[in-house]
Amino acid sequence: MAIAATYHDGQVAHPADVHCRFEGAGTNGRIVLLDPASGKERGSWRMSETRALPGTRHELRLAHETGRAGERLVFKGRDVADDARKRLPFLSQRQRRERGKQFRVLALATGALASVILIYLYGVPLLSNQIVTLIPADAETRLGDAVVEQVAEALAEQGGLEICDTDPQSLANQAISRFAEAAVEGTGTPFRPNVQVVRNSIPNAFALPGGRAYYFSGLLEITESPDEFAGVLAHELGHVVHRHGMQSIISTAGSGLLVGFVLGDVTGISVAAAVGSALINSGFSRDSERQADAFAASAAQRIGFRPSAFAELLARISDDDSFSRAMALLSTHPLNAERQQALQNLDPDNAGLPPAFSVDEWQAIKAMCADTKPPKTKSTPARS
Amino acid sequence: MDRTQTAAIEPQVATASFTGHRWGLLGVLLPGYFLILVTLGIYRFWQVTDKRRYYWSHTAIDGDALEYSGTATQLLVGFLIALVFFLPLYVLFFYLSTQTPEYALYGYLAAAVFLYFLAGFASFRARRFRLTRTFWRGIRFGQSGNAWLYALIRFLWTLLVIATLGLAYPFMSASLWRYRYRHTWYGDRQFGFTGSWRTVAAPFYIDYLILVICVGAAALLVAQAGDPDAAVGFGALLSVPILIVAGLVFVHLKSRFTSRFLSSVTAGKSKLQVHIKARSLIWMYLFYALLFSIVSGLFVAIVMWFFSGIMEPLFAQQELDLSQVAQLGWANVAGLGLIYLALLAAYGALAETVIGLGYWRMVVRSTRIENAEDLKSARAQGNESPLAGEGLADALNVGAY
């Protein structure tokens with residue numbers, strides 16, 4: 001019994017009506033195409049060379065694998081299509097096989113992407129460490145100069161990066177540079193540390209690529225001892241020596257690319273891309289923090305201060321009821337019990353060394369930004 | 001009517017039909033979104049392929065359905081190739097981000113111009129990819145022409161359109177349609193385009209004038225308001241009717257341009273006739289706006305319900321710092337991420353089922369082909385090209401359907 005179908009020969013766009021006779025079943029069977037008027041054979045397809053194409057339920061569309069690219073046999077109408085499907089049971093097998101193949105490609109691609117992500121998450125901290133050594137120091141310094149401008153612009157509302165005491169020969173500035181140079185001594189860093197106390201109400205401190213470090217007057221106000229001040233500075237100088245700023249720029253660029261790949265948005269403008277990169281990089285920055293802490297501890301072998309005072313400062317800020325004030329420093333320097341303990345364990349026995357800052361120097365530092373806005377002194381010693 | 005007369009005319013005009021519907025397409029899209037999540041995004045190439053198969057296979061011209069023969073693997077490979085192409089561009093973006101703000105701004109601007117130029121190239125290539133993977137009656141469509149040339153023509157026209165404050169737009173549009181269709185093939189049958197700027201001049205310049213008059217009148221009213229505070233409030237109030245007028249103008253022009261330009265397309269001796277009503281488009285967009293607000297409202301309610309306590313500290317600050325999302329804890333971040341992705345999926349599905357499908361259906365159902373018999377003598381010609389494709393268009397997000 002023959003079934004009516006439409007035949008496209010893949011050569012001319014003239015559809016032909018044919019009757020299909022199914023001879024045999026399985027892979028040895030044939031579909032014979034007959035002219036409906038004369039009953040003459042127009043051709044025959046081996047069932048093993050026949051493939052069903054994706055389409056609607058109302059149509060069964062067959063392709064001839066050894067035939068022309070567009071050669072098709074189309075069974076139109078739900079009943080006719082179902083009838084033909086019933087007579088060609090191997091089609092669904094082949095479709096399943098094809099689906100299995102697609103699944104394998106998909107699984108392979110997903111696996112490849114997942115491994116790229118894993119390699120990235122664990123490899124980038126190591127890799128950016130290596131890449132950073134390839135970047136010449138003066139290039140990093142130039143980059144730092146550009147970043148300063150961007151940061152100043154971003155922080156303009158809270159006061160920008162206006163230097164409190166512009167005289168490099170002042171007691172406070174000299175004490176700070178002496179400390180900075182002593183801290184990086186013997187590390188072989190190509191950068192000259194350049195620490196500035198700037199007038200900005202945010203309680204924060206950070207280091208930039210190329211040796212610059214900034215201590216905000218907002219943080220200085222709540223810094224209660226020279227140990228805390230030295231602890232923060234040494235920590236930031238640790239970032240400078242380890243070139244963490246540069247590393248984080250490299251890893252941010254890398255994670256932006258990765259997230260862009262996952263989301264298909266290579267230009268990386270979307271919010272999701274930004275959040276994704278931030279999450280990846282926050283994991284990376286925890287390692288940097290540990291390294292900077294260790295650096296502060298090694299500096300304390302030579303200079304008289306307690307690195308753990310930094311943790312005390314952080315802990316005090318996090319107890320502060322003003323949430324937004326605490327966020328600035330904490331978000332860049334996440335503190336947890338584990339880290340606090342680690343910092344305390346790092347404290348060397350350096351009681352014999354002279355203190356990092358003398359009483360006079362510390363008073364001068366505290367007063368650096370006081371000319372317009374007197375600092376709120378809580379526990380600082382009374383001044384003469 | 002005389003029977004013989006109808007018989008003489010009727011067989012000459014072929015129609016097109018679309019048997020797909022919103023729920024059917026949604027059934028293709030939704031599992032796709034889930035799999036996209038599971039496969040870290042890779043499944044999107046399969047989803048696009050499934051979507052196209054749905055559109056193509058439910059569209060029949062003169063009783064014979066279209067067939068999409070492209071595969072997801074081709075799209076995946078195309079994307080990987082585009083990625084290689086994009087790497088230098090990405091490095092450039094990265095370099096710019098490290099420069100001083102002023103310098104970076106010029107850099108970004110230059111990059112944006114370059115990307116606009118590239119979008120023309122990508123959309124033409126993507127069109128070739130889709131055409132050479134479209135079969136009708138066993139014959140493959142095709143596209144000749146040069147994608148770089150197309151991108152250049154589009155770019156230069158854009159400059160002229162900007163210089164003339166939009167007045168040159170009908171010229172640009174006609175020129176690009178002409179280039180596209182004169183390089184479109186059905187087998188060995190070349191398409192043609194009989195339209196010109198005059199085809200759309202009347203609706204375009206009338207609508208342009210209406211918009212200019214509205215904006216001018218509003219500007220005059222605001223100028224007369226006197227004190228600056230009142231002027232600002234007045235201007236804000238007037239911007240609402242202006243936006244409505246602009247929206248209506250946009251929809252009207254979209255319907256006119258599509259109808260008239262598509263009706264200027266020929267293939268051999270046969271000729272397309274398409275008519276889309278602006279009214280139908282307006283209803284479609286209003287329906288979309290309604291569903292869009294419902295979906296958005298639902299999501300806002302969900303976020304408020306589950307996350308109000310957790311999100312507060314984030315918004316307590318004056319500036320929202322995205323890096324602080326990390327402080328919320330992994331479970332909450334994952335929850336927020338999932339909600340965000342679900343929202344993206346919902347918006348995507350909504351736009352596709354209401355606007356994508358609605359527009360496609362409108363065009364297909366209003367299509368008439370005069371002298372369709374002539375197409376039956378078209379012979380097969382050409383092959384799949386480009387072999388792996390659309391990557392650039394995918395990456396630049398310029399592909400349609």
Side-chain angles (χ1 to χ4, degrees), chain A residues 6-15 53-56 58-59 61 68-72 74 76 102 105-107 109-110 113-114 117 143 145-147 149-150 153 157 249 253 256-257 260-268 271-272 274-276 278-279 281-283 323-324 327 330-331 334, chain B residues 19 38-44 46 53 57-58 64-65 67 69 72-73 76 79 82-83 86-87 89-91 93-94 98-101 104 115 135-140 186-187 313 316-318 321-327 333 337 340-341 344 375-380 383 394-397:
Chain A
T6 306
Y7 174 63
H8 302 294
D9 64 6
Q11 206 165 14
V12 185
H14 201 298
L53 297 172
T56 64
H58 301 273
E59 198 173 270
R61 186 171 278 268
R68 292 179 203 92
E71 200 176 351
R72 299 286 183 269
V74 187
K76 290 179 187 173
Q102 291 294 309
V105 172
L106 191 60
T110 307
L113 181 59
I117 291 174
L143 186 79
D145 295 344
V147 174
E149 272 190 58
Q150 291 189 352
E153 202 152 289
E157 227 172 273
I249 288 177
L257 189 62
F261 180 82
V262 174
L263 295 174
D265 175 11
V266 183
T267 40
V271 181
V275 174
L279 286 177
N281 292 326
S282 78
F323 186 81
S324 62
M327 268 316 236
L330 281 176
S331 68
Chain B
T19 51
V38 173
T39 59
L40 308 169
I42 297 281
Y43 193 78
R44 66 178 181 276
W46 274 261
R53 282 177 182 160
S57 65
H58 285 88
D64 288 304
E67 182 190 314
S69 70
T73 330
L76 174 64
F79 178 74
L83 206 64
F86 259 96
L87 267 174
L89 207 65
Y90 187 80
V91 171
F93 269 123
F94 168 59
T98 62
Q99 297 305 300
T100 56
L115 281 179
F135 282 90
W136 180 56
R137 291 180 169 165
I139 302 294
R140 193 195 296 278
Y186 173 60
Q317 283 181 287
Q318 282 167 343
D321 181 359
L322 286 172
S323 67
Q324 287 166 15
V325 170
Q327 307 272 325
V333 168
Y340 175 76
L341 292 176
L344 280 189
L375 290 173
K376 286 190 174 166
S377 56
R379 301 185 72 84
N383 248 315
D394 179 46
L396 287 169
N397 205 9

Next on the checklist: To the nearest 0.5 Å, what is the distance between CD on A:Glu59 and NE2 on B:His58?
Outcome noted: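 The distance works out to 9.5 Å.
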Item to check | Nearest-0.5 Å distance, CZ of residue B:Arg379 to CG of residue A:Asp9 | outcome: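 Reported to 0.5 Å precision, the distance equals 8.0 Å.
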Checklist entry - Which one of B:Tyr186, B:Trp136, B:Phe135, B:Trp46 has the most heavy-atom pairs closer than 4.5 Å to chain A? => result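 Looking at each of B:Tyr186, B:Trp136, B:Phe135, B:Trp46 in turn, B:Trp46 comes out on top.
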Checklist entry - By a 4.5 Å heavy-atom criterion (distance strictly below it), what part of A:Ala114 contacts chain B: side chain, backbone, both, or neither? => result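 Both parts, heavy atoms under 4.5 Å.
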Item to check | CA sep, side-chain torsions, deciding dist, call: B:Asp64, A:His8, side-chain contact (heavy atoms from CB on, under 4.5 Å) | outcome: CA-CA 10 Å; B:Asp64 288 304; A:His8 302 294; 4.0 Å; yes
Item to check | Non-hydrogen atoms of B:Ala65 and A:Arg61 that approach each other most closely | outcome: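 Scanning both residues completely, I find the closest heavy atoms to be O-NH2, 3.5 Å.
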Item to check | Heavy-atom closest contact (B:Ala380 atom, A:Gly10 atom, distance) | outcome: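 The answer is CB-O, 3.3 Å.
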Next on the checklist: With heavy-atom distances below 4.5 Å as the criterion, would you say the side chains of A:Pro54 and B:Glu67 are in contact?
Outcome noted: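 In short, these two side chains do not touch, never coming nearer than 4.5 Å.
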Next on the checklist: Using side-chain contact (heavy atoms from CB on, under 4.5 Å), reason through A:His14 and B:Arg137 one step at a time and then give a plain yes or no.
Outcome noted: CA-CA 7 Å; A:His14 201 298; B:Arg137 291 180 169 165; over 6 Å; no
Checklist entry - Relative to chain A, which segment of B:Thr39 carries a heavy atom at a distance below 4.5 Å: side chain, backbone, both, or neither? => result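 Interface part for B:Thr39: both.
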